[in-house]
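Predicted model only: the values in this text are computed from it and were never measured.
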Amino acid sequence: MAKKTPADASRVAHFEQSLDELEQLVEKMEHGDLTLEASLAAYERGVGLYRQCQAALEQAELRVRLLTDPERPESGEPFAPAPDGR
């Protein structure tokens, strides 16, 4: 069975924190009170947070597959998207 690295574990552990920060950034940007420079910085930070969240979700899915069938994690089916596309 594949071993978790500390980086993998921390991605999953910090998912909600990253998601909360991303939601706050989006809210600030949608409000429209940021300068162009602040908007660009917020966008850049948001892209980084999005990538962290995506990596955490991928790592969580792998962990579920390993728990489901540790001998053949590649045989797991990808999670179906929710009806609303999320």
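- To the nearest 0.5 Å, atom OG1 of residue Thr68 and atom CD of residue Glu61 are 10.0 Å apart.
- Tracing side-chain contacts under 4.5 Å through hydrophobic residues (I, L, V, M, F, W, Y), one reaches Leu25 starting from Tyr50; they form part of the same cluster.
- Residue-environment remark: CD (Gln54) exceeds the threshold of 12 foreign heavy atoms within 6.0 Å.
- Applying the side chain to side chain contact (heavy atoms under 4.5 Å, CB included) test to Glu16 and every residue at least two apart in sequence or in another chain returns nothing.
- To the nearest 0.5 Å, atoms CD (Glu21) and NE2 (His14) are separated by 12.0 Å.
- Smallest separation of non-hydrogen atoms from Leu22 and Leu49: N-CD1, 3.7 Å.
- Through chains of ILVMFWY side-chain contacts below 4.5 Å, Tyr43 is grouped with Met29, Leu34, Val47.
- Between Leu62 atom CG and Leu57 atom CG the span is 12.5 Å, to the nearest 0.5 Å.
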